[in-house]
Structures are given as structure tokens and as C-alpha cells.
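On a predicted model such as this, the values are computed, not experimentally measured, just so you know.
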Amino acid sequence: MAKQNWKPGNMLYPVPAVMVSCQRPGERPNIITIAWAGTVCSSPAMVSVSVRKERYSYAILKETGEFVINLVTKDLVRAADYCGVRSGRDTDKYKEMGLTELASRTVKAPGIAESPVNIECLVTEVKSLGSHDLFLARVTNVAADERYLDENGKFDLSRAGLIAYSHGGYYELGKKAGSFGFSVRRPAKKSHNKKK
């Protein structure tokens, strides 16, 4: 199989497309769309977002030390794109995209009510890496939309139509290809109950 070698670059795709909401005291809230976000630790629950220093939201995140990660669905993909290409310096993104501010429980920044999951975060460390700074944050609360609870009360996010980002495109997550640990599970034994 032939392959080409390229210079080092960011080829880890697809990645989640998320809308990160933040707010300075006394100012309107802002939303920045970020594709470089991820889980970094499960206990304690921690996440990271990477932001360019010149972005309007960068100073808000640095000053307030808090934000909310809002997951993006197919119904929110236009808003996510808009919030990634327009600056909050001169645009009220909540108003322009018809989004609803959702009061957070543990941080002052609001979430986005239309998002199925809102992850409230407190910054623990900022690492300067070059083009971006990495904001490490502790998850302090998760708000989940009850519409995605199944009949047993289990959260079924697969019904939300989540969006991933890859090389400039937004893609709805599709067909399930497996589940955690399926490669090592023993197949269920077939029942040989025969009627006598």
C-alpha cells in the first residue's frame, strides 16, 4: 500500500465540533466554536479547549477562568458555523442565531438551551503552546436534556444527531460500528430448548 509522507500537521480527524460559551461580568455572553476540544481525564472529570490568542473569547476565558462546552447537533450546525466565523466583538451570537441562554449551576457563563449537553468548566491551567493556548479545566456540572432519556432512564445521546468536524466539513455521526469491549466479548450461547 503506497503512502506519502507530509510535513507534521494536524491530521487527527474527525473531532467534535462544540460551541463554547463564556461571559465577562456585566457583558453579554459570547460563543466560540471550537474543534480542538477533548476529554483529558475521567477522575476528576477534566476537559481541554485550545484557543488562538487573537480570538475575542480568548481574553474572556483567561480573565474569568470558566466556560461551558455545548455539544452540537445537526439542528445546531448552522449556528455552530456562524459562531466560528463571526466575532463576538461586534455580534450578539445568541440573538443572531436565535439561541437561548441557559443559566448554569456552577459557573456564571450561561450554556445554550438548545444543546443536548452543557458541560460547565472551571479552568485549572493555561498552557501556551504556540498558535494556540490550551485551557485545562475541571468539569463542575453537566446538564443533560431529558428528551434523550430512554424508557429505562438511560441517557441515549445517539438520538441527538451529534456533529463531528473533519477537514473543513461538518458531519452527522452515523451508523454504530461496535460498542466498547465488543471485540473481546464471548458470543451469547444459543438456547437449545426443544419442545418435547
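At a threshold of 4.5 Å between non-hydrogen side-chain atoms, the residues S57 and C22 count as touching. Between F67 and I32 there is no side-chain heavy-atom pair separated by less than 4.5 Å.
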Name every donor-acceptor pair, under 3.5 Å, that has one atom in a side chain of residues 6-18 and the other anywhere in the protein, sequence neighbours excluded.
from: W6; atom 1: NE1; to: Q4; atom 2: OE1; distance (Å): 3.0

For residues 145-154, which side-chain N or O atoms pair as donor and acceptor with protein atoms under 3.5 Å away, sequence neighbours left out?
from: D145; atom 1: OD1; to: R147; atom 2: N; distance (Å): 2.9
from: D145; atom 1: OD1; to: R147; atom 2: NE; distance (Å): 3.3
from: D145; atom 1: OD2; to: R147; atom 2: NE; distance (Å): 2.9
from: D145; atom 1: OD2; to: R147; atom 2: NH2; distance (Å): 2.7
from: D150; atom 1: OD1; to: N152; atom 2: N; distance (Å): 2.9
from: D150; atom 1: OD1; to: G153; atom 2: N; distance (Å): 3.1
from: D150; atom 1: OD1; to: K154; atom 2: N; distance (Å): 2.9

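The list of ring pair (Phe, Tyr, Trp, His ring centres under 6.0 Å) pairs with a residue in residues 110-147, not counting sequence neighbours, reads W36-H132, Y58-F135. Residue pairs that meet the side chain to side chain donor-acceptor pair (under 3.5 Å) test with at least one member in residues 44-54, sequence neighbours left out, are K53-S128, K53-D133. Residue pairs satisfying the side chain to side chain donor-acceptor pair (under 3.5 Å) criterion with at least one member in residues 111-123, sequence neighbours excluded, are listed as follows: N70-N118, T100-E114, T106-E120, E120-N141.
Between the R28 side chain and the G88 main chain, a donor and an acceptor come within less than 3.5 Å of each other. Distance alone, capped at 3.5 Å, places no donor-acceptor pair between the E101 side chain and the Y94 backbone. A donor-acceptor pair is defined here as one N or O able to donate and one able to accept, closer than 3.5 Å; no such pair exists between the side chain of K74 and the backbone of G161.
In terms of the side chain to side chain contact (heavy atoms under 4.5 Å, CB included) criterion, residue partners of R89 (sequence neighbours excluded) are, by chain and number, Y56, S87. Legend: residues meeting side-chain hydrogen bond (donor to acceptor under 3.5 Å, both in side chains) with Y170, ordered by chain and number and at least two apart, are D81. Taking E27 as the reference, R24 meet the side-chain hydrogen bond (donor to acceptor under 3.5 Å, both in side chains) condition, with sequence neighbours excluded. The side chain to side chain contact (heavy atoms under 4.5 Å, CB included) search around R186 returns none, not counting sequence neighbours. For P25, the side chain to side chain contact (heavy atoms under 4.5 Å, CB included) partners two or more places apart in sequence, or in a different chain, are T64. Listed by chain and residue number, T73 satisfy the side chain to side chain contact (heavy atoms under 4.5 Å, CB included) test with D75 (two or more places apart in sequence, or in another chain). Residues passing the side-chain hydrogen bond (donor to acceptor under 3.5 Å, both in side chains) test with D156, sequence neighbours excluded: S158.
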